[in-house]
Amino acid sequence: WECGAPLGEPVVALESGCVSSPGFDELVVVTYSGRVMSFTPEKLDAPDDEGLELPGYTPAPGRSKKNVREESRLKALTEDLGKLQSKLKEEKAKLKAREKELQAKAQEQAGSAASVRHADGARGEGPRAMAADPGAGPAMQRFAVRCRMELDRDEAAHTVLIEAPLPLDYVTLTSTVRLDLLDDLPPKVNPQSQPGGEGKGGGGGPIVGRSKASDGKAVLATYRFNDGATKASIRFRSNEGESGELTLGVVAKVGAGAPKASHVITLAVKPLSLHHRVHALPSELAADQRAREIAAAAAEDDEDDGAREAKGGAKGGAKEDDFGEGLAEVVDLERSEAKSADPAASRGGATPEADGIDEWGEASDAQTGDGPAADDAAGGPGGSGGGGAAMHRLELTGAFSLRMAHDWVSACLPEVPPYVDTGHAGRSGGSSSAGGTEGALSLLFVNAFTGSELRVSYGPSSLVVQSDSVSSLAIIRDLVAKKASDLRVDLEPDACRLSKPAAAGMLRKLDPKLSYQLELNARAGLVDALEELALAEMTANQTSGMAAGGQGGGAESDGRHQAGGGMAAPPWLAPELREVLEGAARLRQEVRERPRALQYLSGVLTDLFVDWHRFHQGAQSDVRHRIPGLHRFLLNEYSLEGLLHHFGLL
């Protein structure tokens with residue numbers, strides 16, 4: 001049987017059994033806000049005239065089972081509501097009596113204390129007495145909040161999902177790290193947060209207010225909710241390399257006169273927060289796929305060659321039969337003479353190429369370990385050795401344990417288990433090829449924004465990091481050095497091996513994103529001028545039409561707006577400018593949805609530029625004076641070749 005209903009909130013409990021319909025197993029569901037729902041396979045639309053043999057049950061012919069049960073349920077709920085109202089009146093009467101008693105007691109204490117002019121008596125003890133007595137005043141309503149932070153890989157941003165059993169009043173956000181709050185994007189507030197499937201106010205977004213950062217806080221913001229929603233999401237993007245805490249204060253709407261309580265939630269923002277765990281690196285998967293395709297193509301070629309050889313052999317046999325036995329003996333004699341004259345053929349047909357020697361009598365690249373063949377076997381120049389993309393390599397060694405290394409990796413990267421199984425790590429010897437450490441643990445990550453790949457392999461006294469982004473290596477090295485210094489652990493001088501193919505590959509990954517954002521900003525900057533030009537053209541056409549005394553010009557100008565919100569372009573406008581003008585609404589929306597994407601990309605490239613020169617030329621190199629020139633190049637004359645030249649890769 002199939003049944004369902006939109007809940008609009010998580011399920012916290014689930015059980016099955018016979019509940020309200022004898023002979024039918026029902027499914028009972030409890031939601032996060034406390035709703036209890038049951039799903040039954042019984043046909044409730046059937047007429048209630050079957051006459052169940054139950055004591056006290058009276059069938060109702062002509063009406064469905066659903067209607068009869070809803071009427072009985074409504075009657076029971078009405079009785080329960082009356083009892084609750086009576087109990088509420090009794091509790092209110094007790095509360096008022098208690099308040100009068102406390103006020104009288106406070107006045108009596110204040111009068112006795114006023115005679116001696118005691119400091120506490122001058123302030124009065126009424127509020128203090130009420131605060132000390134747990135039964136004084138209205139009770140504070142406590143509630144639980146469900147909160148989790150997820151990485152939206154499509155937007156390359158974090159989403160904080162908040163859910164409370166009560167309607168949300170407002171949420172305060174404070175952060176010790178810089179955050180790019182993406183409240184410009186369409187809000188993801190739950191429109192089905194109320195029982196019945198529809199939230200009050202149509203599920204509109206929150207009102208966001210930002211304050212000036214102070215007291216060591218980098219971001220201060222408030223989200224106010226006016227639609228009675230119990231769910232909300234807050235999206236932001238952090239800068240990799242910065243770590244800190246994100247603190248949320250969730251305040252729910254309560255009854256009039258009741259004190260409000262704030263539920264405080266603290267979330268960690270890690271230095272490499274835009275990375276996420278993967279089971280295999282995309283470059284290695286692509287390399288494996290190419291290898292399988294090449295192997296399949298080679299197998300097909302071998303099959304074709306075998307079929308052609310078999311076909312040729314059959315034709316040769318037929319010709320020998322035609323020439324007769326005498327001619328066959330002559331051919332056999334010539335073959336035997338040729339074999340005696342060629343020693344290589346008598347050794348089984350071996351050729352110099354088969355022994356790794358080319359036609360010039362020199363050893364091939366595959367035998368010497370040099371040249372392109374050896375690079376391909378090793379995964380490319382400076383590669384990871386796993387058949388994937390080229391990567392930089394950083395190795396940190398010292399007197400630290402596996403647990404220490406795991407804690408350092410967990411402090412730097414998300415989705416790392418809180419504990420490490422040392423017994424399993426000692427038994428796993430397959431990770432040594434990835435990190436160079438016997439029995440090491442290996443974790444794989446991909447950056448959701450840049451697409452850079454990261455492999456972290458660590459074990460006792462060794463931590464190896466491989467990535468095509470030199471900034472990832474710099475961030476991990478700085479964090480590990482700080483953690484080791486706090487624990488007074490001595491680290492050996494790090495061994496770093498940079499790869500120019502890896503650096504160039506990283507820039508090629510960023511090139512499509514940067515080119516698109518630069519073109520988008522350039523096209524969006526032309527929209528206002530082109531619309532003004534088109535409006536002037538439209539006005540001129542209307543004026544000329546009215547001067548001619550006809551209505552045709554005005555009717556024609558009325559239809560010069562596109563269905564998508566853009567304005568029709570004049571016929572003499574260039575095709576690329578006409579496309580910009582007709583897609584003005586789409587361009588504005590795209591810029592509004594990603595207002596700071598170009599600025600973020602520029603920051604990523606700046607970090608890569610600084611870290612590359614710091615690793616490549618030493619810690620004493622200072623290239624900060626070249627950063628303004630890099631920014632001018634990115635905004636005015638960007639090209640991939642020029643970017644590679646700025647990094648010294650050409």
(request) Walk me through it: do Thr450 and Lys509 pass the test side chain to side chain contact (heavy atoms under 4.5 Å, CB included)? (result) CA-CA 7 Å; Thr450 63; Lys509 285 183 179 180; over 6 Å; no
(message) If you apply the rule side chain to side chain donor-acceptor pair (under 3.5 Å), what do you find for Asp607 with Ser471, and how did you get there?
(response) CA-CA 6 Å; Asp607 293 340; Ser471 295; 5.6 Å; no
(request) Walk me through it: do Val456 and Leu444 pass the test side chain to side chain contact (heavy atoms under 4.5 Å, CB included)? (result) CA-CA 7 Å; Val456 181; Leu444 307 177; over 6 Å; no
(request) Check the pair Ile234 / Leu173 against side chain to side chain contact (heavy atoms under 4.5 Å, CB included), numbers first and verdict last. (result) CA-CA 9 Å; Ile234 300 174; Leu173 182 148; 3.9 Å; yes
(message) Applying side chain to side chain contact (heavy atoms under 4.5 Å, CB included) to Ile475 and Cys412, what does each step give before you reach the verdict?
(response) CA-CA 8 Å; Ile475 292 171; Cys412 193; 4.2 Å; yes
(request) Kindly indicate, with the supporting measurements, whether the criterion side chain to side chain donor-acceptor pair (under 3.5 Å) is fulfilled by His275 and Glu240. (result) CA-CA 9 Å; His275 283 70; Glu240 287 207 328; 2.9 Å; yes
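For Ser233 (side chain) and Leu161 (main-chain N/O), no donor-acceptor pair under 3.5 Å exists by modelled atom type. Side chain of Thr176 to main chain of Glu245: a donor-acceptor pair is present (N/O by atom type, distance under 3.5 Å, no hydrogens or angles). Distance alone, capped at 3.5 Å, places no donor-acceptor pair between the His613 side chain and the Val623 backbone. Of the possible polar contacts, none joining the Ser410 side chain to the His406 backbone as a donor-acceptor pair under 3.5 Å is found.
Taking the six-membered ring where the residue is Trp, His158 and Phe236 present parallel rings, their angle staying beneath 30° rather than reaching 60°. A perpendicular orientation is assigned to the rings of Phe647 and Phe609, their planes being inclined by more than 60° (bins at 30° and 60°).
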Could you go through residues 484-493 and list every donor-acceptor pair under 3.5 Å that involves a side-chain atom there, pairing it with any protein atom two or more places apart or in another chain?
from, atom 1, to, atom 2, distance (Å)
Asp486, OD2, Lys482, NZ, 3.4

Return a table of donor-acceptor pairs under 3.5 angstrom between the side chains of residues 261-269 and protein atoms on other chains or two or more places apart.
from, atom 1, to, atom 2, distance (Å)
His263, ND1, Phe143, O, 3.4

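Between Asp407 and Lys483, none of the side-chain N atoms (NZ, or NE/NH1/NH2) sits under 4.0 Å from a carboxylate O, so this pair counts as no salt bridge. Salt-bridge check for Arg224 with Asp169: failed, with every basic side-chain N at 4.0 Å or more from each acidic carboxylate O. Under 4.0 Å is where a charged nitrogen must lie from a carboxylate oxygen, and between Glu155 and Arg235 no such pair does. A salt bridge between Arg508 and Asp511 is absent, with no side-chain N of the basic residue lying under 4.0 Å from a carboxylate O of the acidic one. Taking a cutoff of 4.0 Å between a charged side-chain nitrogen and a carboxylate oxygen, Glu453 and Arg455 do not qualify as a salt bridge. Using a cut-off of 4.0 Å between Lys/Arg side-chain N and Asp/Glu carboxylate O, Arg614 and Asp478 are scored as salt-bridged.
Minimum interatomic distance between Leu473 and His392 (heavy atoms only, all atoms of both residues): CD2-CB, 3.7 Å. For the residue pair Leu605 and Leu510, the shortest heavy atom distance occurs at CD2-CD1, 3.6 Å. Here the closest non-hydrogen pair linking Gly459 and Ala405 is O-CB, 4.3 Å. Nearest approach of Ser462 to Glu395, heavy atoms of both residues: OG-OE2, 3.8 Å. Heavy atoms only, all atoms of each residue included: Leu274 and Ala156 are closest at CD2-O, 3.7 Å. The minimum heavy-atom distance linking Ser452 with Met506 is given by the pair CB-SD, 3.6 Å.
Cation-pi geometry between Arg237 and Tyr600 is met: under 6.0 angstrom from the ring centre, within 45 degrees of the axis.
Ring centroids of Tyr458 and Trp408 are separated by 6.0 Å or more, keeping the two rings apart. When ring centroids are compared, Phe633 and His646 come within the 6.0 Å threshold.
Counting non-hydrogen atoms of neighbouring residues, nucleotides and ligands closer than 6.0 angstrom, the NE2 atom of His631 exceeds 12 such neighbours. Atom CZ of Arg178 has 12 or fewer heavy atoms from other residues, nucleotides or ligands within 6.0 Å.
No side-chain heavy atom of Ser457 sits less than 4.5 Å from a side-chain heavy atom of Leu441. The shortest distance between side-chain heavy atoms of Asp494 and Arg477 falls below 4.5 Å.
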